[in-house]
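This one's a predicted model, so the numbers in the text were calculated from it and none came from an experiment. Chain letters run A, B, ... following the sequence lines, proteins first, then strands; residues in each count from 1.
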Number of protein chains: 2
Amino acid sequence: MTRESPTENEQPSRRLARELRGQITAGDLAPGDKLPSERALAAEHGVARNTAREAVRLLADEGLVTAEHGRGVFVRGKNRLMRFGQRRYARTLRRETGLSPYRAEVEAQGRTPRVECTSITRITPAPEIAERLGIDPEAETVVRRENWYYADEEPMQVGVTYSPWHIVEGTPVADSAKMGKGSLYARFEEQGYAITSIREEVTARMPTPSEVAGLAIPDGVPVLDVTHTGYDEHGRPFEVTVFVMRADFNALDYRMSVED
Amino acid sequence: MTRESPTENEQPSRRLARELRGQITAGDLAPGDKLPSERALAAEHGVARNTAREAVRLLADEGLVTAEHGRGVFVRGKNRLMRFGQRRYARTLRRETGLSPYRAEVEAQGRTPRVECTSITRITPAPEIAERLGIDPEAETVVRRENWYYADEEPMQVGVTYSPWHIVEGTPVADSAKMGKGSLYARFEEQGYAITSIREEVTARMPTPSEVAGLAIPDGVPVLDVTHTGYDEHGRPFEVTVFVMRADFNALDYRMSVED
DNA sequence: TAGTGGTCTAGACCACCAT
DNA sequence: TGGTGGTCTAGACCACTAT
């Protein structure tokens, strides 16, 4: 599969990257190990520092190493993945643990979860949101609720939930002071909107500069972009949540039957 | 959300990147437009060529532009997404159209699909595969079937299917000459394995060098990595397929009910 | 303070593309 | 052929980290 033999006329930066990659995959450089400094690599291999730097950049783009300013370049470990699927919304999970699915998943990994609602505003929905909520964006406003999800104080995900104003007006969903414990979906259920079916549209992309800053995303790590729509027992959509997750820490796990 | 105001002490490369990004998002530079050459950008903004180049690299990493050797740097258009979900496996789709779900999706977009099976081999499965197939990797071999998916001759996905030898021995699944038309799942069904439920584990990552080469993936485009397991009516797994898809052309669309 | 990565300069040559 | 991006050199200064 992966061809790792030297090519003729191979460029110095590629050659150096290939050598380092080999040491990483062979285990000579283990996760957490520090690579030689760019200056040392340059001297040892008889290239300019910028060339050694380019080699390191290639590895960073592949997600194999992470550079830390002033400290060095380190081999990235395999990260524990948090897996989220439709069980995220299961009622039994909420009833048995009293925990939101995010908290349950993080605690299961022995880490400390924290969820912070950073803003609740009332806005005119973007067309994509209004379309999924089945409302007229010019006639109805929505409540926009931004949640940040941390594990051991490291940011993992951002979720922005949109819900029609007429559904959440006066409820805890629209007022952080009244949210209480447990899942957002418990609050929806109390308002008569029990989540019964969902749609999840998944894609991946590189993070925007503000996402890099907000989620502290290292180089070479993409994000999963999940647009989730929740439907009640009558098939009516009542909330859309756009999740942005670090792809190196998060995965999705769906199990479903195949319809005829 | 996105902060695009100049910062004090902003670095020249970031400043130039921000200006170009602004022109792109404002529409002054439309999809398909060519950016000024690196040398022109450098001269116009009074920076070294390497600095202009760094600015372009930042935009490429965000997926906003693509550099084409010898031609120039171009603004990337929004790509049509092909959406795949559990309907991919629905029997009615196979029966009504006689097409594989991939072909159906691509034709629906007015493009020309092609699927090529590049290799069929019999191997000892990797532990992750054996685990999902519920077999002992030391006691049983699997058939490995590699399929490449194209749209207008542009590679979109690779899918590698693993199935226990005892299930596919002597069947068209293990012999490309006998495959015939239609979906692989039609062939499985003929062998008594009707796909009834599925599990899909989704994550995203940057492509490996060989994936970059094989799928012709531009800079700054991640891949979706989907491990799919197919189960028959008795809940027994009979095939695992690992899909690698360009994230800028592919999306996943799942609809499912939430269990109690 | 010494060592690290981050950025920048001002050149050079090469590989690719269109004309 | 001229213009483009791709790479490389050999320096320089800055920002961050650890001691």
Side-chain angles (χ1 to χ4, degrees), chain A residues 6-20 29 32-76 209 212-213 216-221, chain B residues 6-20 29 32-76 209 212-213 216-221:
Chain A
T7 324
E8 57 180 339
N9 296 333
E10 190 180 29
Q11 293 160 159
S13 60
R14 307 308 172 104
R15 175 188 160 81
L16 177 49
R18 180 173 52 74
E19 290 184 9
L20 292 170
L29 284 168
D33 282 1
K34 185 166 170 289
L35 267 62
S37 76
E38 294 172 352
R39 288 166 178 85
L41 286 172
E44 287 165 16
H45 293 79
V47 296
R49 185 189 156 203
N50 277 354
T51 303
R53 186 173 170 72
E54 171 68 9
V56 170
R57 195 185 69 78
L58 290 169
L59 299 179
D61 282 351
E62 293 166 33
L64 287 174
V65 302
T66 311
E68 296 186 29
H69 195 167
R71 299 218 320 131
V73 177
F74 299 86
V75 179
R76 277 245 291 274
V212 168
I217 300 178
D219 284 351
V221 174
Chain B
T7 324
E8 57 180 339
N9 297 333
E10 189 179 30
Q11 293 161 157
S13 60
R14 308 305 173 105
R15 174 189 161 82
L16 177 49
R18 180 173 51 76
E19 290 184 7
L20 292 171
L29 285 168
D33 282 2
K34 186 166 170 290
L35 267 62
S37 77
E38 294 172 351
R39 289 166 178 85
L41 287 172
E44 287 164 16
H45 294 79
V47 297
R49 184 188 156 203
N50 277 353
T51 302
R53 186 172 170 72
E54 170 68 9
V56 171
R57 196 186 68 78
L58 290 169
L59 299 179
D61 282 351
E62 294 166 33
L64 287 174
V65 302
T66 311
E68 296 185 28
H69 196 166
R71 299 219 316 132
V73 177
F74 300 86
V75 178
R76 277 246 289 276
V212 169
I217 301 178
D219 284 351
V221 174

>> Over the length of the helix from C:dT1-D:dA18 to C:dA18-D:dT1, how much do the five-pair end axes diverge, rounded to 10 degrees?
In response: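 The helix from C:dT1-D:dA18 to C:dA18-D:dT1 shows an end-to-end axis angle of 10°.
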
If I compare all heavy atoms of [X] with all of [Y], which pair ends up nearest, and what's the gap?
X: B:V47; Y: B:A52; value: CG2-N, 4.1 Å
X: B:L59; Y: B:A17; value: CD2-O, 3.7 Å
X: A:D219; Y: A:R76; value: O-NH1, 3.8 Å
X: B:V65; Y: B:V56; value: CG2-O, 4.0 Å
X: A:S13; Y: A:L58; value: O-CD1, 4.2 Å

>> Could you work out, with salt bridge (charged side-chain N to carboxylate O under 4.0 Å, His left out) as the rule, every residue matching B:R14, not counting sequence neighbours?
In response: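 For B:R14, no residue satisfies salt bridge (charged side-chain N to carboxylate O under 4.0 Å, His left out) once neighbours in sequence are set aside.
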
Between [Y] and [X], is there a side-chain heavy-atom distance shorter than 4.5 Å?
X: B:R15; Y: B:Q11; answer: no
X: A:P12; Y: A:H45; answer: no
X: B:V75; Y: B:L64; answer: no

>> Heavy atoms within less than 4.0 Å of DNA chain D: which residues of residues 42-64 of chain B have one? Give them sorted by number.
In response: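 Under 4.0 Å from DNA chain D: B:R49, B:N50, B:R53.
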
> Can you list every salt bridge (Lys or Arg N to Asp or Glu O under 4.0 Å) pair that touches residues 43-52 of chain B, not counting sequence neighbours?
Replying inline: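 Passing the test, one end in residues 43-52 of chain B: B:E38-B:R49.
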
> About how many Å separate CZ of B:R71 and OG1 of B:T66, when rounded to the nearest 0.5 Å?
Replying inline: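 Reported to 0.5 Å precision, the distance equals 11.0 Å.
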
> CG of A:L16 to CD of A:E10: how many Å apart, nearest 0.5 Å?
Replying inline: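 Rounded to the nearest 0.5 Å, the CG-CD separation comes out at 10.0 Å.
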
> On DNA chain D, which is the earliest and which the latest nucleotide, 5' to 3', with an atom closer than 4.0 Å to a heavy atom of chain B?
Replying inline: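 Answer, 5' to 3': D:dG3 to D:dT9.
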
Can you pull every protein N or O that's under 3.5 Å from an N or O on nucleotides 14-19 of chain C?
| from | atom 1 | to | atom 2 | distance (Å) |
| --- | --- | --- | --- | --- |
| C:dA15 | N3 | B:H69 | NE2 | 3.0 |

